[in-house]
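Reading through the structure tokens given below for one structure.
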Amino acid sequence: MHILLVSPSYPDTYWSFKHALKFISKKANNPPLGLMTVAALLPTRWEKRLVDLNVRPLRDKEILWADYVMVGAMSVQEKSASDVINRCRELNRRVVAGGPLFTGDPDPWSHVDHLVLNEAEITLPHLLSDLEKGQPKKIYRTRDFAEMKASPPPDYSLIDASDYGQLSIQYTRGCPYNCEFCEITALLGRKVRVKSGEQILDELEGIYQTGFRGNVFFVDDNFIGNRYHLKRELLPAITRWNESHRYPFSFTTEASINLADDTALLKQVADAGFNRVFIGIESPNEESLKECDKKLNLERDLLQSVREIQSAGIEVTAGFIVGFDHDTTAVFQNQIDFIQQSGIMTAMVGLLNAPSRTRLYERMKREGRIISTYEGNNTDYSMNFVPVMNRETLLTGYQAILTGIYSNRAYYDRLRRFLKEFKPATRFGRRLNYQSISALLRSILYIGILGRGRIYYWRLFAWSLFRRPQLLPLAITHSIYGYHFRKVFQIER
């Protein structure tokens with residue numbers, strides 16, 4: 001059996017880092033981890049190939065080679081996924097589709113030959129068994145959640161690791177919290193399921209054997225959702241592994257804000273090599289946090305929580321949302337002030353949207369406010385429901401936030417504030433190599449010479465060189481990120 005696995009392309013969004021990747025000669029930021037895991041679930045005797053459309057185009061002869069084309073996608077990849085499926089149908093090749101895009105709303109995909117929904121560790125074996133019998137069904141789905149110990153190591157042999165800015169790994173699925181706007185619990189449940197430390201070390205070894213050195217992203221929606229296993233087993237194991245391999249990797253992940261409350265855990269996370277964590281802060285407006293049931297963020301000093309994490313040598317990146325029913329026009333300046341004061345450099349500010357499997361969607365549907373489906377990108381100025389605030393006022397305020405945090409002056413002011421106070425662990429990710437030299441030289445050209453904000457770039461460069469020389473690589477990295485954000489949001493100044 002010949003199986004072609006296809007990862008559809010992502011649009012140019014905040015998280016694509018498309019404009020930053022050219023500085024380090026990479027083609028995509030993250031590999032298609034889900035499809036690589038699916039590939040590992042297939043029979044070893046089958047021949048498998050993977051095409052990531054974020055890396056290169058898909059050729060007709062590759063489709064014709066395959067007996068089945070397996071497409072895995074998230075909501076934001078919908079257009080590209082549809083194009084791939086239509087090409088396969090035109091070439092008379094059968095398609096198997098799965099992932100959040102299809103699981104979230106399978107009805108529009110009735111033309112797909114086989115839908116393998118929910119978690120593949122449970123549903124894919126049923127398809128494989130039926131294929132052996134010559135009687136595959138249209139839809140495979142389950143209400144159960146997979147045991148993570150049944151999840152195999154992703155097949156890293158299907159990709160060229162050098163194409164990617166970072167590689168990915170998954171430790172947990174599920175989140176113990178149930179924020180109104182989030183679909184994680186609908187897709188993956190509230191029980192946090194974990195892989196064993198041995199599984200993760202095997203996967204790290206697999207990444208190591210590809211020759212990749214750099215950042216590895218733990219894609220967990222809440223890395224600290226199961227602290228018992230994390231503190232007792234995983235973090236000590238990673239710390240020992242990284243040390244014994246002379247620190248080839250640094251790590252990033254996502255976690256809830258209560259990471260700041262556990263000093264011992266913060267130290268463990270930093271010691272293991274984690275230098276960046278994404279936190280869902282959402283809003284400085286307490287009424288909006290109550291509205292969306294973001295209980296963890298209530299009755300705490302959010303700025304101080306961010307500082308606690310950053311003081312452990314872990315940079316905070318964060319998500320923010322505007323468009324809650326309880327938001328007033330004051331929220332726009334409040335968001336700007338919070339982000340500027342916090343020193344959060346990668347601040348994803350998005351408009352509130354209601355994915356189809358969320359409690360927010362159900363509420364908006366009851367109130368007759370849903371106007372369209374959510375396409376997976378909350379930074380493209382679209383909303384799929386009618387907001388309480390006047391829509392034009394909301395969009396104008398949203399644009400004001402983006403300009404207020406990503407225009408050259410605001411961004412570089414925040415970056416200097418961050419660099420003054422940040423003390424990262426020096427042993428992770430500080431190697432001088434071709435990639436870092438290339439990034440420096442290209443930043444000088446595109447930002448320091450051709451960029452409109454070049455004066456801010458050179459002021460920061462000089463300040464970093466003489467005041468915090470050990471952080472100059474980090475300063476250059478964030479200068480490049482700022483270039484990407486201004487490109488995505490079309491901020492000219």
| request: Side-chain contact test, heavy atoms from C-beta onward, threshold under 4.5 Å: evaluate it for Leu395 versus Leu351 and give yes or no. | output: yes
| query | Closest approach of Thr358 and Glu180, non-hydrogen atoms and distance? | reply | CB-O, 3.4 Å
| query | Has the side chain of Arg417 got a donor or acceptor atom that lies under 3.5 Å from a matching backbone atom of Gly343? | reply | no
| Taking all non-hydrogen atoms of both residues, which atom of Ala272 and which atom of Asn242 are closest, and how far apart? | O-ND2, 3.3 Å
| query | Do any N or O atoms from the side chain of Arg190 and from the backbone of Pro176 form a donor-acceptor pair under 3.5 angstrom? | reply | yes
| field | Electrostatic pair Glu291:Arg363 at N-O distance under 4.0 angstrom | value | yes
| query | So does Ile455 have more than 12 non-hydrogen atoms from other groups sitting under 6.0 Å from CD1? | reply | no
| query | Between Leu296 and Ser256, what is the shortest heavy-atom contact and its length? | reply | CD1-CB, 3.6 Å
| query | Going through the distances and angles, do Glu62 and Arg56 end up as a salt bridge (charged side-chain N to carboxylate O under 4.0 Å, His left out)? | reply | CA-CA 12 Å; Glu62 292 171 311; Arg56 68 171 179 84; 2.5 Å; yes
| Side-chain heavy atoms of Leu230 within contact of Leu265, under 4.5 Å | yes
Check residues 396-403 and write down every donor-acceptor pair under 3.5 Å in which the side-chain atom is one partner and the other belongs to a residue at least two apart or another chain.
residue, atom, partner, partner atom, Å
Thr396, OG1, Glu392, O, 2.8
Tyr398, OH, Val349, O, 2.8
Gln399, OE1, Tyr381, OH, 2.3
Gln399, NE2, Thr403, OG1, 3.1
Thr403, OG1, Gln399, O, 3.1

| field | Side-chain donor or acceptor of Tyr456 paired with backbone N/O of Asp413 under 3.5 Å | value | no
Name every donor-acceptor pair, under 3.5 Å, that has one atom in a side chain of residues 161-169 and the other anywhere in the protein, sequence neighbours excluded.
residue, atom, partner, partner atom, Å
Ser162, OG, Asp160, OD1, 2.6
Ser162, OG, Asp160, OD2, 3.3
Tyr164, OH, Asp52, OD2, 2.7
Gln166, OE1, Asn215, ND2, 2.7
Gln166, NE2, Asn30, OD1, 2.7

| Tyr481-His484 aromatic ring centre distance below 6.0 Å | no
| said: Looking at Arg87 and Asp83, is there a salt bridge between them, counting it only when a charged N and a carboxylate O are closer than 4.0 Å? | reply: no
| Any side-chain heavy atom of Phe332 within less than 4.5 Å of one from Leu394? | yes
| Within residues 335-354 or reaching into it, pairs that qualify as side-chain hydrogen bond (donor to acceptor under 3.5 Å, both in side chains) - sequence neighbours excluded | Gln333-Asp337, Gln340-Arg414
| query | Would one find more than 12 heavy atoms of other residues, nucleotides or ligands at under 6.0 Å from atom NZ of Lys18? | reply | no
| What is the minimum heavy-atom distance between Val331 and Ser283, and which atoms define it? | CG2-OG, 4.2 Å
| Phe324 side chain near Cys292 side chain, heavy-atom distance below 4.5 Å | yes
| Lys/Arg cation over aromatic Tyr208: Arg213, 6.0 Å, 45° cone | yes
| said: Determine whether a donor-acceptor pair (N or O, by modelled atom type, separation under 3.5 Å) exists between the side chain of Ser82 and the backbone of Lys79. | reply: no
| task | State which residues pass side chain to side chain donor-acceptor pair (under 3.5 Å) with Lys365; sequence neighbours excluded, sorted by chain then number. | result | none
| Quick one: do Glu315 and Arg276 make a salt bridge, cutoff under 4.0 Å? | yes
| Checking Lys22 against Tyr446: charged group under 6.0 Å from the ring centre and within 45 degrees of the axis? | yes
| query | In this structure, are over 12 heavy atoms from other groups packed under 6.0 Å from Arg391 atom CZ? | reply | yes
| task | Taking the side chain as every heavy atom from C-beta outward, state whether Lys26 and Phe17 have any pair of such atoms under 4.5 Å apart. | result | no
| Under 30°, 30 to 60°, or over 60°: which ring-plane class applies to Tyr457 and Phe461, parallel, tilted or perpendicular? | tilted
| query | Is the distance between the ring centroids of Phe274 and Phe218 less than 6.0 Å? | reply | yes
| Taking C-beta and beyond as the side chain, do Ser407 and Phe489 meet within less than 4.5 Å on heavy atoms? | no
| said: Using every non-hydrogen atom in the two residues, find where Asp220 and Thr253 come nearest and quote the distance to one decimal. | reply: O-OG1, 4.3 Å
| query | For Tyr10, does its backbone N or O pair with a side-chain atom of Asn54 as donor and acceptor, under 3.5 Å? | reply | yes
| query | Can you check whether Leu419's main-chain N or O pairs, donor with acceptor, with Arg467's side chain at less than 3.5 Å? | reply | no
| Axial cation check for Tyr412 ring with Arg459, 6.0 Å and 45° limits | no
| request: Measure up the Tyr483 and His19 rings against each other and bin them: parallel (under 30°), tilted (30 to 60°), perpendicular (over 60°). | output: perpendicular
| Distance-minimising heavy-atom pair for Ala81 and Ala73 | CB-CB, 4.2 Å
| task | With sequence neighbours left out, write down each residue that passes side-chain contact (heavy atoms from CB on, under 4.5 Å) with Asn334, or none if nothing qualifies. | result | Pro284, Ala330
Output side-chain donor-acceptor pairs under 3.5 Å for residues 97-109, partner residues at least two apart or in another chain, one line each.
residue, atom, partner, partner atom, Å
Thr103, OG1, Gly99, O, 3.1
Thr103, OG1, Asn118, N, 3.0

